[in-house]
> 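I am attaching a structure below and will ask some questions about it afterwards.
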Amino acid sequence: MPPKAKPVLALTGAIAGEGRAAIEQHLSTGWDIRSWTAGDGDDALVSLLTEADAVVPGVDTLFVGAFFVGLKASPRLRLLQIPFAGTDWLTPELLPARAIAAGCSGHEVTMAEYTLAAMLEWQIRLRVMDADFRTGSWTYSGSSKAPIAYHGEIWNKTVGIVGYGGIGIEIAKRAKAFSMRTMGLKRSKAPCPPELDWLGASADDPNALDTLLRGSDFVVLACDLNDATRGLIGPEQFAAMKDTAVLINIARGEVVQEEPFYTALKSRDIAGAVIDTWYLYPARGLPPGEKPDDPSPAHFPFLELDNVIVTPHCSAHSHEADDRRMISIAANLDRFARGEQPDRVMVKGADAAA
């Protein structure tokens, strides 16, 4: 009897470069690994997908129309292994009927460190002190005739985390090390873990979000974007927040209603925001009249406000996070090859097994 053929793994786009060696390094099961890059053409991409049992796409591939044509038409594909966390762009209709889509881990520490850095910067204001000192001012030291200027602390402040999953856990553990009070909100009721002072469940308590907002000095959005969270934060939620509170969005831009967000910041209904995720991206659908490569991240001039810290959706970007993601991806591919359920299944095709 001939040996059983190895399952075919398709790596597409950016992940087919440096990512291939990293995934191969951590695989413990046998795969027939094949790659596609943009120079190979659309027909080659569709052909590869029709032969694949699993695919790991680079994020650049998601902007290639042929990828979704080949994905949907593939007769063999059972696993779409996503090399990042968000699946708001993916619906069951885009998958073959028997396929599943799974996310990966590895970015939780990186995003937690970003969040702690954001809170520390908001209170301690290193950027402001640096710029002031470069002008020859000693205002912040008190070594001048001018009244001394003070910075703040995150000690004894409260951080509320909306979407208490892996990222939230890492944020809360680090916040506790700074003697902060920690609140978390998840969908379903669960015991309060030791790193939290309070855990609410939105499905069981319609007032849970309001409780978190009213009690928090920093509100961190770390939830998925889905039908329940799209537009979750709007005028009523901004009204519930302290006027000294800061909103930190590392989830998705659309979790926050854009115009009310801008209005709340401009009118100082909340003290400010740290924004990493946006409403417009250079390669995504922009309003008519705007250039495809226009870098404007929103329909409102958030970048003109002086009470925001803004970054270009980079809170998860570190070499260490990429290394951990490759380990997570390889582990999921091994589970699939052994006939086991992959971790972090996010979306299922119409006929995928439960």
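Quick caveat, the model's predicted, so the values are computed rather than measured. For the single chain, residues carry numbers from 1 onward in sequence order.
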> If the test is side-chain contact (heavy atoms from CB on, under 4.5 Å), which one of Ile161, Leu247, Ile250 qualifies with Leu221?
Leu247
> Tell me, yes or no, whether the heavy-atom count around Lys157 atom NZ, taken from other residues, nucleotides or ligands under 6.0 Å, exceeds 12.
yes
> Check for a donor-acceptor pair, side chain of Asn332 on one end and backbone N or O of Ile329 on the other, with a separation under 3.5 Å.
no
> Any side-chain donor-acceptor pair under 3.5 Å between Arg344 and Ser328?
no
> Taking the side chain as every heavy atom from C-beta outward, state whether Phe300 and Glu258 have any atom pair closer than 4.5 Å.
yes
> For the pair Arg252 and Glu254, evaluate salt bridge (Lys or Arg N to Asp or Glu O under 4.0 Å) and give the outcome as yes or no after the intermediate values.
CA-CA 6 Å; Arg252 288 291 186 268; Glu254 293 88 344; over 6 Å; no
> Can you measure from CG (Leu213) to CD (Glu236) and round to the nearest 0.5 angstrom?
11.0 Å
> According to a hydrophobic-cluster definition based on side-chain heavy atoms being under 4.5 Å apart (Ile, Leu, Val, Met, Phe, Trp, Tyr only), do Leu11 and Val59 belong together?
no
> Under a 4.5 Å cut-off applied to non-hydrogen side-chain atoms, are Leu80 and Pro57 in contact?
yes
> Does any non-hydrogen side-chain atom of Glu170 lie less than 4.5 Å from one of Met111?
no
> Donor-acceptor pair, Arg78 side chain versus Arg76 backbone, under 3.5 Å?
yes
> I'd like to know if the side chain of Asp224 reaches the main chain of Asp88, judged simply by a donor and an acceptor atom lying under 3.5 Å from each other, with no hydrogens or angles considered.
no
> Has Asp204 got more than 12 heavy atoms of other residues, nucleotides or ligands less than 6.0 Å from its CG?
yes
> What's the shortest heavy-atom distance between Trp198 and Ala208, and which atoms?
CH2-O, 3.5 Å
> Are any side-chain N or O atoms of Ser74 and backbone N or O atoms of Leu71, one a donor and one an acceptor, separated by less than 3.5 Å?
no
> Counting only N and O atoms by type, is there a donor-acceptor contact under 3.5 Å from the side chain of Gln257 to the main-chain atoms of Leu232?
no
> Salt-bridged, Asp306 to Arg268, with N to O below 4.0 Å?
yes
> Assess whether side chain to side chain contact (heavy atoms under 4.5 Å, CB included) is satisfied between Trp122 and Ile248, documenting all intermediate values.
CA-CA 11 Å; Trp122 190 268; Ile248 301 175; over 6 Å; no
> Treating Ile, Leu, Val, Met, Phe, Trp and Tyr as nodes and any side-chain heavy-atom pair under 4.5 angstrom as an edge, say whether Met241 and Leu212 lie in one connected cluster.
yes
> Got a second to check how far Ser47's OG is from Trp36's CH2, nearest 0.5 Å?
12.5 Å
> Hey, does the side chain of Lys72 reach the backbone of Pro96 with a donor-acceptor pair shorter than 3.5 angstrom?
no
> Would a 4.5 Å heavy-atom cut-off, applied to side chains only, mark Asp217 and Val246 as touching?
no
> I'd like to know whether CH2 of Trp89 has more than 12 heavy-atom contacts from other residues, nucleotides or ligands below 6.0 angstrom.
yes
> Taking the side chain as every heavy atom from C-beta outward, state whether Leu27 and Ile33 have any atom pair closer than 4.5 Å.
yes
> Between NZ of Lys173 and CG of Leu116, what distance do you get to the nearest 0.5 Å?
12.0 Å
> Would a hydrophobic clustering, with Ile, Leu, Val, Met, Phe, Trp and Tyr connected at side-chain separations under 4.5 Å, put Tyr262 with Trp278?
yes
> Mark yes or no for whether Arg187, through its side chain, and Ala228, through its backbone, hold a donor-acceptor pair below 3.5 Å.
no
> Please report the shortest heavy-atom distance between Ala112 and Ile167, naming the atom on each side.
CB-O, 4.5 Å
> Please find the pair of heavy atoms, one from Cys192 and one from Asp197, that lie closest to each other, and give the distance.
SG-C, 4.1 Å
> What distance do Glu24 atom CD and Leu9 atom CG have between them, rounded to the nearest 0.5 Å?
9.0 Å
> Set out, in order, the CA-CA distance, both residues' side-chain angles and the distance that settles side chain to side chain contact (heavy atoms under 4.5 Å, CB included) for Gln237 and Leu209, then state yes or no.
CA-CA 8 Å; Gln237 288 70 42; Leu209 175 59; 4.1 Å; yes
> Answer yes or no: does atom CZ of Arg34 have more than 12 heavy-atom neighbours from other residues, nucleotides or ligands under 6.0 Å?
yes
> So for atom CD, which belongs to Glu18, do other residues, nucleotides or ligands contribute more than 12 heavy atoms lying within a distance under 6.0 Å?
no
> Is there a side-chain contact between Leu94 and Val347, using heavy atoms and a 4.5 Å cut-off?
no
> Roughly how far apart are Ser296 OG and Leu280 CG, rounded to 0.5 Å?
7.5 Å
> Are Phe261 and Phe302 close enough that their ring centres sit under 6.0 Å apart?
yes
> Tell me if the CZ atom of Arg338 is crowded by more than 12 foreign heavy atoms within 6.0 Å.
yes
> Using a 4.5 Å cut-off on heavy atoms from C-beta on, say whether the side chain of Thr277 contacts that of Val256.
no
> Report yes or no: does Thr139 contribute a side-chain atom to a donor-acceptor pair with the main-chain N or O of Ala149 at less than 3.5 Å?
no
> Is it true that a side-chain atom of Asn249 and a backbone atom of Ile275 form a donor plus acceptor pair closer than 3.5 Å?
no
> Can you confirm whether Gln123 sits close enough to Phe218 that some side-chain heavy atom of one is under 4.5 Å from a side-chain heavy atom of the other?
yes
> Run the side chain to side chain contact (heavy atoms under 4.5 Å, CB included) check on Ile309 and Arg127 step by step: do they pass?
CA-CA 11 Å; Ile309 297 173; Arg127 297 179 307 155; 3.3 Å; yes
> Determine the minimum heavy-atom distance between His313 and His317, stating which atoms define it.
O-CE1, 3.6 Å
> Restricting to non-hydrogen atoms, name the atom on Arg325 and the atom on Pro83 that form the minimum distance, rounded to 0.1 Å.
CD-O, 3.7 Å
> Distance-only, no hydrogens or angles: does the Trp31 side chain make a donor-acceptor pair with backbone N or O of Asp334 under 3.5 Å?
no
> Identify the heavy atoms of Tyr164 and Ile169 that sit nearest to each other, and give their distance.
OH-CA, 3.4 Å
> Say whether Leu303 and Leu305 are linked into one hydrophobic cluster, either directly or through other cluster members, by side-chain heavy-atom distances under 4.5 angstrom.
yes
> Roughly how far apart are Ile171 CD1 and Met119 CE, rounded to 0.5 Å?
7.0 Å
> Apply side chain to side chain contact (heavy atoms under 4.5 Å, CB included) to residues Thr29 and Leu333 and explain how you reach the verdict.
CA-CA 8 Å; Thr29 52; Leu333 292 170; 5.6 Å; no
> Given the rule that I, L, V, M, F, W and Y join up when any side-chain heavy atoms are under 4.5 Å apart, are Leu225 and Met346 in one cluster?
no
> Mind checking what makes ring-ring contact (aromatic ring centres under 6.0 Å, His included) contact with Phe178, not counting sequence neighbours?
none
